[in-house]
Colleague: 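Structure below; questions to follow.
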Amino acid sequence: MRAAVLSGHDLRELAVTDTALPEPGPGEVVVKVETVGVNQLDLNVIAGVGPGARAALPRILGIDPAGVIVDVGEGVDVARIGEPVAVKPNIPCGSCAACAIGAEEDCPRQSVVGVHRDGGAAEFVTVPATSAFARPGLDAAQATAVMHSAAIVLNAVEETGVAPGDRMLVMGAGGTLGRAAVAIGLHRSARVTAASRRPLDAIGSERIVTAPDNSALEAALAHEEPFDALVDVTGHAPTLGVGIATLGWGGRAVFCSASVDPDLRIDARDFYLRRKRLSGVASAGYRHVREALELAASGVIPDLVGDRYPLDDIVRAYTAFPTKKNGKVIIDVR
Ligand SMILES: [Zn+2]
């Protein structure tokens, strides 16, 4: 089969080549892949940094494939053959304290498709049957676009505890994660403000704040009524700091990325006097995946599919990724 194989920690060592077909182990399914996303995590694997440093090479990339189940391993219902599915990247260990209470998103021993095992930038991929989710009402590209991005954002919005009528600020609202966060906040009847560096089209009734940098953002938000909840997906910790300052009494901040600049500064006195809270959300649970796929199929989450590249052009897709983002970048495998 054709697969995008990384053989060294450099984009020049990524090539689409012929490799052996994967065999399903017990409890696994084989998915004939139609699409897979381009993610920041792939770039970390390619560079061998952060969570990507743990990938043993050679490795087939691709964390969030979607396609159709074509074979099953021992212990998996053969009726699943033919089922259109999308694959959840993070695989919980199943035996730790977090897994025992159904908080698999917080499992400290989770492994990731395309990092710790071969991924879905290939014609076929094997994954645990529990990681392959039905995707009624969504084509493969739409499901890939939702799987990793929207499920994490759903977890983040839940983590803020935002209630109907609450004021919610989304920072980085122009990207895939940000659009999903705005849509989910509106769906939960929050009063949403969407902040972005570039001009945005509204999804619904959200207020849009455009600010090219942090000082402009700070100025734009200075006279706002304090926010109850903040979801930051910018990857810029200094921007997160600006957002935390806008929170009012008991305000809850959640961030989903620190990939660009991790240096966070907050006013500790203001933070504790106003009883603010801050947490990071880096993965999603099974329930978030199911709900995110449902919200996308019902149109609550807008279509997030952006630029598309054939598998043979995957190196070009990764080269363009850091600068050119227009929705979720999708690789068409089939
Ligand atoms: Zn676990």
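Heavy-atom basis, side chains included; hydrogens, waters and symmetry copies ignored. Remember, it's 1-based here, ligands and their atoms both numbered in the order they're listed.
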Colleague: Tell me, please, whether Y286 has K88 positioned over its six-membered ring: NZ or CZ under 6.0 Å from the ring centre and within 45 degrees of its axis?
Modeller: yes

Colleague: Applying side chain to side chain contact (heavy atoms under 4.5 Å, CB included), name anything that partners R334, two or more places apart in sequence or on another chain.
Modeller: K32, E34

Colleague: Which residues and atoms, counting only protein N, O or S, are under 2.8 Å from the Zn ion (ligand 1)?
Modeller: C93 SG, C96 SG, C99 SG, C107 SG

Colleague: Going by the side chain to side chain donor-acceptor pair (under 3.5 Å) test, name the single residue among T144, D332, D139 that passes it with T35.
Modeller: T144

Colleague: For P262, what residues pass the side chain to side chain contact (heavy atoms under 4.5 Å, CB included) criterion, not counting sequence neighbours?
Modeller: none

Colleague: Between D312 and R2, is there a side-chain N and carboxylate O pair less than 4.0 Å apart?
Modeller: yes

Colleague: Would you list the atom pairs, donor with acceptor, under 3.5 Å between side chains in residues 56-65 and any protein atom, with sequence neighbours excluded?
Modeller:
from: R59; atom 1: NE; to: V115; atom 2: O; distance (Å): 2.9
from: R59; atom 1: NH1; to: D118; atom 2: OD1; distance (Å): 3.2
from: R59; atom 1: NH2; to: H116; atom 2: O; distance (Å): 3.2
from: D64; atom 1: OD1; to: G37; atom 2: N; distance (Å): 2.7
from: D64; atom 1: OD2; to: N39; atom 2: ND2; distance (Å): 2.9

